[in-house]
Chemist: 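Can you read through this structure? Questions will come right after.
Below, chains carry the letters A, B, ... as their sequence lines are ordered, and counting in each starts from 1. Values in this document were obtained by computation on a predicted structure and should not be read as measured data.
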2 protein chains.
Amino acid sequence: MSLDRATMDERVPRDFETLRATILDRRESLPKRIAQIAAYALDNPDDIAFGTAASIAASAGVQPSTLIRFAQQLGFDGFTSLQQVFRERLRERNSSYDERLLALRAKAEGGAGHRAIFDGFVAAASTSLNDISRTLDETHLEDAISLLAKAETIYVLAKRRSYPVATYIAYALGKLKIRNQLIESAAGLNAEMIAFATPADAVIAISFSPYAPATIEEARAISERGVPIVAITDSSFSPLAQFARVWFEVAEADFAGFRSLSATMALAMALTVGVGEKRRDSGRKRKA
Amino acid sequence: MSLDRATMDERVPRDFETLRATILDRRESLPKRIAQIAAYALDNPDDIAFGTAASIAASAGVQPSTLIRFAQQLGFDGFTSLQQVFRERLRERNSSYDERLLALRAKAEGGAGHRAIFDGFVAAASTSLNDISRTLDETHLEDAISLLAKAETIYVLAKRRSYPVATYIAYALGKLKIRNQLIESAAGLNAEMIAFATPADAVIAISFSPYAPATIEEARAISERGVPIVAITDSSFSPLAQFARVWFEVAEADFAGFRSLSATMALAMALTVGVGEKRRDSGRKRKA
DNA sequence: GGGAATATGAAATAATAATTCCAATCCATA
DNA sequence: TATGGATTGGAATTATTATTTCATATTCCC
C-alpha cells in the first residue's frame with residue numbers, strides 16, 4: 001500500500017539494450033512530449049550521452065523538465081542516471097573498428113578462456129575482410145567474372161584448407177543452375193575428370209601456402225589443356241599464379257594456427273553471384 | 001609584444017590524434033604533475049571524456065587545478081574544451097564502424113557493378129561477425145567444448161549450405177589429431193556410419209532454415225542412440241535444437257540470397273581449437 | 001460540456017562542477 | 001646555501017547545470 005513506484009515497479013534498465021526495449025515497449029502509452037524525447041533519445045543516443053539537459057531538451061524541442069520526467073518515468077531518479085546508461089554504451093561499444101579489433105585481439109591473446117579463442121577467430125575474420133575490402137582489384141574481378149561467365153562448365157579445384165570454399169562455390173553455382181564440377185580427390189579419378197575439360201570451360205582454383213601439391217599438379221595439367229584458370233591465392237610467388245589467366249591475392253589473418261576463410265569466402269561468393277548475374281543479363285540481351 | 005599565448009602559440013589541437021601527437025611530443029618538457037595527468041589522459045581517454053574535473057583529477061592523483069593547467073598548457077582555455085576533443089573522438093569512433101557498414105551496404109544495394117556484389121558479401125560477413133560477437137553465450141561455449149572434449153570420436157553432421165563448415169571442422173580436427181568422422185552422404189552409407197556412434201562419442205551438427213531433411217533425420221537417429229549433440233542453428237524453433245544437448249543460435253546476414261558463413265565458421269573454429277586445448281590440458285593433468 | 005487527472009512550460013532554486021587565487025613547496029642556479 | 005622562478009595544493013569563487021515548483025494547458029471520462 002505504501003510501496004512507491006521505485007520500489008514496486010520494474011527494475012531500472014541498467015544497460016542500453018534493455019532501456020531501448022523498455023522504451024519501445026511503452027512507446028504507445030507515453031504522453032506526447034515524453035514520446036518526443038524518447039524518440040529523440042533512441043535516434044541520437046550520442047547526444048544524450050554528451051549533452052546537458054538543457055541542450056538536449058532544446059535539440060529535441062522540449063523543456064528540460066520534460067527530459068527529467070522522461071527519465072523518472074523509466075525509473076531513474078533523474079536525468080543524470082539516465083545519462084549514465086547512454087555513456088556506458090559508448091564506453092562498451094568500444095568501437096572504432098580498429099580499436100575494437102585491437103581489443104578483441106588483446107582479449108584473445110591475453111585471456112585464457114575459450115571465449116578468448118572465439119574472439120581471436122572473430123578478430124582474424126574481421127581483419128581479413130577489412131584487408132580484402134581495401135585491396136581487391138576491381139578490374140581483376142570484372143575479368144574473372146567475364147571469363148567464368150563464358151565457360152560451359154566451371155571446374156572448382158581446391159584441397160585441404162581451401163576445400164570448404166570449393167564446396168560452397170559448388171553449392172552456390174548449383175543453386176544458380178550453373179554447370180559446375182568439383183574436382184574431388186576421394187575416388188582418385190581426378191586425372192580423368194580433368195581430361196574432360198576443354199578450353200571452352202574454366203577453372204576456379206584456390207590454394208594457399210603451403211600449397212597442396214595435388215592442387216598445383218592438377219592446375220598445371222588443366223592449364224596445359226588450354227583451360228583458363230581463375231586463381232585465388234596468397235602471393236604473387238604462388239605456383240598457382242603462373243598458371244592463372246586472372247588471379248587474386250588474398251591475405252587471410254590467422255589465429256591459433258588456423259587461417260580465416262572469411263575473405264576468400266566473400267570473394268568466392270562475389271565471383272559466383274557475379275557470374276550468375278552476368279549470365280542472366282547476357283541471356284536477356286540475346287533474347288532481346 | 002602584446003601577443004598573448006593563444007594568439008602566438010601553435011593552433012589548439014582540434015582532434016584527438018593531433019592532441020595525442022602534441023602530448024607525446026612535449027612529454028619530456030612537462031612538469032611532473034602535468035606529465036602525470038598527460039599520461040593518464042592518453043591511457044584513459046574514456047575517463048577524460050566522461051568524468052568531471054574532480055573525479056579525473058582524483059583518479060590520476062592530482063589536483064583539479066593541475067588538470068586545468070594541463071589543458072591550458074595545450075592551448076585550450078580550460079578543461080571543458082579539452083574534454084570536447086575526447087568526446088568528439090568517441091562520437092566519431094562509434095559512427096565509423098556502423099557508417100562503414102552502412103556505406104558498404106548502400107553501395108552494394110545501390111551500385112550495379114560487380115564490386116557492389118562483393119561489397120555486399122563483405123558487409124554481410126562483417127555484420128554476422130559483429131552480431132555473434134555480441135550475442136554468443138559463453139557458458140554454452142564452455143559446455144559444448146567440455147562435452148566434445150570427452151568424446152572418443154567427434155561426428156560432424158551438415159549438408160548443403162552448412163557443408164563447407166563441416167569440411168573445415170573435419171580438416172581442423174584432423175590437424176589437431178582429434179578423431180573425427182564427417183557424415184557424408186555421397187555413398188549413401190550414412191545410416192551405417194551413424195550406427196557406429198556410441199554415447200561415448202559426440203556430434204557437431206549444423207543446419208539452418210530451411211533445414212536439410214537428411215540432417216534432421218540423422219540427428220534424430222543419432223540422438224536416439226544416446227550420443228550427445230552440439231548444434232549450431234538459427235533459432236530456438238529449429239528442429240535441431242530439440243535433439244541437442246547444447247545449441248548455439250547464430251544469425252547470419254545474407255546477401256543476394258546467400259547467407260554468410262563467417263559467424264558460423266568462427267564459432268566452429270573456436271569449438272574445434274577449444275577442444276584441442278582442453279584435451280592438451282587434461283592430458284597434462286593426468287600425467288602430472 | 002464540466003471536472004478531475006494528467007501533462008506541459010517556464011522560471012526559481014539547489015546542486016554540482018569548473019575555474020581562480022594565493023600560499024606553500026620545489027628546484028635550479030649563482 | 002640563499003634567491004628567484006616555476007610548480008603545486010587546497011580552498012574560495014564563479015559558472016554551469018540539474019532539479020523542483022507552480023501556474024497553465026490539455027486530455028479523458030462521466
Side-chain angles (χ1 to χ4, degrees), chain A residues 4-6 8-9 12 19 22-23 26-41 44-88 90, chain B residues 4-6 8-9 12 19 23 26-41 44-88:
Chain A
D4 60 9
R5 274 189 98 101
M8 65 179 303
D9 255 358
V12 180
L19 178 59
T22 309
I23 292 174
R26 302 207 196 149
R27 184 161 39 174
E28 297 306 323
S29 67
L30 292 174
K32 190 163 59 155
R33 288 275 118 102
I34 307 272
Q36 189 174 329
I37 192 78
Y40 182 86
N44 308 69
D46 289 10
D47 288 352
I48 306 280
F50 291 125
T52 67
S55 71
I56 296 164
S59 306
V62 302
Q63 290 290 325
S65 44
T66 306
L67 179 46
I68 286 161
R69 288 182 194 117
F70 168 60
Q72 288 170 341
Q73 197 144 116
L74 288 167
F76 296 96
D77 53 55
F79 165 68
T80 310
S81 31
L82 169 72
Q83 192 177 41
Q84 287 311 107
V85 174
F86 283 78
R87 293 188 164 181
E88 207 46 49
L90 281 187
Chain B
D4 59 12
R5 274 187 99 101
M8 65 179 302
D9 255 358
V12 180
L19 178 58
I23 292 174
R26 302 209 197 146
R27 185 160 41 174
E28 298 306 324
S29 66
L30 292 174
K32 190 161 60 153
R33 290 273 116 107
I34 306 272
Q36 189 173 330
I37 192 77
Y40 182 86
N44 308 69
D46 288 9
D47 288 354
I48 307 280
F50 292 123
T52 66
S55 71
I56 295 164
S59 305
V62 302
Q63 290 290 326
S65 43
T66 306
L67 180 47
I68 286 162
R69 289 185 195 115
F70 167 61
Q72 288 170 341
Q73 197 144 116
L74 289 166
F76 296 95
D77 52 54
F79 165 68
T80 310
S81 31
L82 168 72
Q83 194 177 40
Q84 288 309 106
V85 173
F86 283 79
R87 293 188 163 180
E88 207 45 51

Chemist: Could you give the start and end, 5' to 3', of the contact zone on DNA chain C for chain A, using atoms under 4.0 Å from its heavy atoms?
Modeler: C:dA7 to C:dA10
Chemist: Measure from CG on A:Asp77 to C1' on D:dT19 and round the result to the nearest Å.
Modeler: 11 Å
Chemist: Go through A:Phe70 and A:Val62 one step at a time and tell me if the side chain to side chain contact (heavy atoms under 4.5 Å, CB included) criterion holds.
Modeler: CA-CA 11 Å; A:Phe70 168 60; A:Val62 302; over 6 Å; no
Chemist: Does A:Gln72 place a side-chain N or O at less than 4.0 Å from the phosphate oxygens OP1/OP2 of D:dT19?
Modeler: no
Chemist: List in chain and number order the residues that pass salt bridge (charged side-chain N to carboxylate O under 4.0 Å, His left out) with A:Asp77, two or more places apart in sequence or in another chain; answer none if no residue qualifies.
Modeler: none
Chemist: Is a side-chain donor or acceptor of A:Gln83 paired with a backbone partner of A:Ile48 at a separation under 3.5 angstrom?
Modeler: yes
Chemist: For B:Ala53 versus B:Leu67, what's the shortest heavy-atom pair and its separation?
Modeler: O-CD2, 3.5 Å
Chemist: With distance as the sole criterion, is a donor-acceptor pair present between the side chains of B:Arg33 and B:Gln36 under 3.5 Å?
Modeler: yes
Chemist: Could you state the CZ-C1' distance from A:Phe70 to D:dA18, rounded to the nearest angstrom?
Modeler: 16 Å
Chemist: Run the side chain to side chain contact (heavy atoms under 4.5 Å, CB included) test on A:Asn44 and A:Ile56 for me, step by step, so that the C-alpha distance in whole Å, both residues' side-chain angles and the decisive distance to 0.1 Å come before the verdict.
Modeler: CA-CA 10 Å; A:Asn44 308 69; A:Ile56 296 164; over 6 Å; no
Chemist: Let me know the distance between CD1 of A:Ile48 and P of D:dA18, rounded to the nearest Å.
Modeler: 11 Å
Chemist: Could you list all N or O pairs between the protein and nucleotides 10-12 of chain D that sit under 3.5 Å apart?
Modeler:
| residue | atom | partner | partner atom | Å |
| --- | --- | --- | --- | --- |
| D:dG10 | OP2 | B:Gln63 | NE2 | 2.6 |
| D:dG10 | O6 | B:Ser65 | OG | 3.1 |

Chemist: If we only count heavy atoms from C-beta on, is the A:Arg26 to A:Leu74 side-chain gap below 4.5 Å?
Modeler: yes
Chemist: Let me know the distance between CZ of A:Phe50 and P of D:dA18, rounded to the nearest Å.
Modeler: 15 Å
Chemist: For the pair made of CD1 in B:Ile68 and C1' in D:dA15, what is the distance, rounded to whole Å?
Modeler: 12 Å
Chemist: Under a 3.5 Å distance rule, please check whether B:Arg87 uses its side chain to pair with a backbone N or O of A:Phe50 as donor and acceptor.
Modeler: yes
Chemist: Can you check the A:Phe79 CZ to D:dT16 C1' distance for me, whole Å?
Modeler: 14 Å
Chemist: Just wondering, do B:Pro31 and B:Gln73 contact through their side chains at under 4.5 Å, heavy atoms?
Modeler: yes
Chemist: Is the phosphate of D:dT19, meaning OP1 or OP2, less than 4.0 Å from a side-chain N or O of A:Thr80?
Modeler: yes
Chemist: When all nucleic acid strands are considered with a 4.0 Å heavy-atom cut-off, which category describes A:Leu67: base, sugar-phosphate, or nothing?
Modeler: nothing
